[in-house]
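Just so you know, these numbers come straight off a predicted model, no measurement behind them.
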Amino acid sequence: MRINTRLSAAVAGVAVLGLSLAACSSDDSGSDSGSGEAGGSGGDASQVEVFTWWASGSEKAGLDALVGVFNEQNPDTEFVNGAVAGGAGSAAKDLLQSRLQTNDPPDTFQAHAGAELQDYISAGQIEDVSDLYDEFGLRDAFPADLIERLTVDDKIYSVPSNIHRANVVWANPTVLSDAGLDPEATYESMGDWFDALDAVKDSGKTALSVATTWTQVNLLETVLLSDLGPDGYSGLWDGTTDWAGADVTQALEDFEKLMSYTNTDRDGLDWPDATQQVIDGQAGFNVMGDWAEAAFEEAGSEAGTDYVYFPVPGTDGMFDFLADSFTLPVGAPHPGGAKNWLETVGSAEGQAAFNKAKGSIPANTDADTSDFSDYQQTAIESFGQDTIVSSLAHGAAVPVATLNAISDATSKFTTGASDIATYQSDLGAAVNG
Ligand code: GAL
């Protein structure tokens, strides 16, 4: 199956992607040269150190699926796993920065399309790989606006591996039924959802599971999106929405209320632990990007019976977007190995295997998605018709330094060291300097 690209209008400035995929014709033209040598200028292809944060569980299973295709396509290049544990790159990004600054880059590293990638481009830490797009026949394979997010001054700086959605609620139908709720219900607004959260809380379960700071920022961005809408949310990143506004105050009050329903051990947990609480029936709801789909699948859970999912209340019709991509760092010791990796990452075969296991949808529109899960089919459909906005917690909306400042302000707030007024002004200062 080939998924064609339909461009839709960007909602507001560079912070918003106007991406969409729509179905479909039947032409499969994936790239699978299978060469052990790198294309183009070549270079040492004996091995490739691949730096990611997909170190365990369902994320490692996704990486393993990609490595399986890589090994078939490149039998003469040894894959060296440079994964560093910590969801959303919470530990990996700092370590990567110190390696890049001491001229000790991996052969390739994971980076989000959008503002985060711009950081590496501006610092001169990654190479232009546009010639590889020509060589591998990738120019037409990715949505045009996604390529735009990877491009600076007509140069393309990485190869995208996937598209994830960050505004999804995952829920345990048994916990909901036991609390007297309809497990198939969805909720129009934060206010409606609070009633359901109260019911789960009253039943003695954790109403909403969450984990360490970055997952709280992921939750925050979905509340901002719900309360401000796509234009207002996107305006937070391009300066057209006032951080001091009453609508932002309202969103922060809703965020505070949501946090009051969460597990108290949250700061010592990472995302798989919080999602596991829903899988195990300890918690009713969890807000997480759709890498959670892979965790439910890995646990053998059946969609509809063991878990249900829906857009965060108030964000139906909005797709909170992020994409992982892979780079060629300046001074990579095995550039030939890196180029072979990039070829597999971009290929229809690599993307089909990787994304099926990862819970995401392919960025390469030639990838066969016919055997993807029910959830993933809904994500493909939503991506084709929803308003696309850029994820805050996952490098699409703001540079790393801004995200770090937002994370610090959020941690300060959720550990009780600041009130809403201080949090609101801290967030404004984080974005506007
Ligand atoms: C995101 C990344 C996803 C997933 C998630 C949790 O930043 O883009 O692929 O790995 O973190 O670790």
Side-chain angles (χ1 to χ4, degrees), residues 11 15-17 87-88 112 114 163-171 186-194 196-197 207-237 241 243 247-262 266 271 274-275 278 283-293 308-322 359-360 375 378-379 382-383 386-398 403 406-407 409-411 413-414 423-424 427 431:
V11 176
V16 177
L17 284 169
H112 290 119
I163 291 166
H164 270 304
R165 183 178 196 180
N167 59 319
V168 187
V169 178
W170 309 89
T186 57
Y187 306 93
E188 294 277 311
S189 65
M190 285 290 148
D192 292 344
W193 196 26
F194 291 149
L197 287 158
L208 178 65
S209 63
V210 77
T212 190
T213 305
W214 77 261
T215 70
Q216 298 166 24
V217 175
N218 196 143
L219 180 64
L220 170 69
E221 77 183 61
T222 66
V223 180
L224 290 167
L225 183 57
S226 173
D227 284 356
L228 302 183
D231 290 350
Y233 169 83
S234 301
L236 293 169
W237 320 125
T241 297
W243 271 100
D247 48 357
V248 175
T249 311
Q250 176 63 54
L252 298 184
E253 284 168 5
D254 285 346
F255 176 64
E256 181 178 47
K257 188 159 171 66
L258 281 182
M259 288 299 295
S260 75
Y261 292 108
T262 63
R266 61 201 181 207
W271 79 266
T275 301
V278 171
F285 299 99
N286 172 232
V287 170
M288 190 38 57
D290 54 13
W291 41 92
E293 164 69 2
V308 291
Y309 45 79
F310 52 88
V312 168
T315 71
D316 197 12
M318 305 169 208
F319 192 107
D320 187 12
F321 157 94
L322 62 127
S360 38
Y375 168 75
T378 71
S382 295
F383 190 67
D386 286 4
T387 302
I388 313 287
V389 299
S390 296
S391 169
L392 163 66
H394 305 284
V398 298
L403 176 56
I406 288 174
S407 299
T410 300
S411 168
F413 179 64
T414 61
Y423 186 32
Q424 187 164 359
L427 291 172
V431 175

Please indicate whether Gln250 has more than 12 foreign heavy atoms, meaning atoms of other residues, nucleotides or ligands, lying under 6.0 Å from its CD.
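Correct, the count exceeds 12.
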
Sub-4.5 Å side-chain heavy-atom contact between [X] and [Y]:
X: Thr315; Y: Asp320; result: no
X: Val278; Y: Phe285; result: no
X: Asp254; Y: Phe194; result: yes
X: Arg165; Y: Phe383; result: no
X: Leu236; Y: Val431; result: no
X: Arg266; Y: Thr215; result: no
X: Leu427; Y: Val248; result: no
X: Trp271; Y: Thr212; result: no

Give a yes or no answer on whether the side chain of [X] reaches the backbone of [Y] with a donor-acceptor pair at less than 3.5 Å.
X: Tyr233; Y: Ser390; answer: yes
X: Ser407; Y: Leu403; answer: yes
X: Thr241; Y: Gly232; answer: yes
X: Ser226; Y: Pro313; answer: yes
X: Ser360; Y: His164; answer: no

Would Tyr261 and Trp193 count as a ring pair (Phe, Tyr, Trp, His ring centres under 6.0 Å) if you check the C-alpha gap in whole Å, the side-chain angles of each, and the deciding distance to 0.1 Å?
CA-CA 11 Å; Tyr261 292 108; Trp193 196 26; 8.3 Å; no

For His112 and His394, take the angle between the two ring planes, folded into 0 to 90°, and tell me which bin it lands in: parallel under 30, tilted 30 to 60, perpendicular over 60.
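Rings of His112 and His394: perpendicular, as their planes differ by over 60°.
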
Closest approach of Glu221 to Ala166 (non-hydrogen atoms, all atoms of both residues):
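So the minimum-distance heavy-atom pair works out to OE2-CB, 4.0 Å.
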
If I compare all heavy atoms of Leu197 with all of Ala207, which pair ends up nearest, and what's the gap?
O-CB, 3.5 Å

Among Val168, Asn167, Val312, whose side chain to side chain contact (heavy atoms under 4.5 Å, CB included) with Val287 holds?
Val312

Side chain to side chain contact (heavy atoms under 4.5 Å, CB included) test vs Thr222 passes for just one of Leu224, Leu220, Asn218, namely Asn218

Do you see a donor-acceptor pair shorter than 3.5 Å between the side chains of Thr414 and Gln216?
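A donor-acceptor contact under 3.5 Å links the two side chains.
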
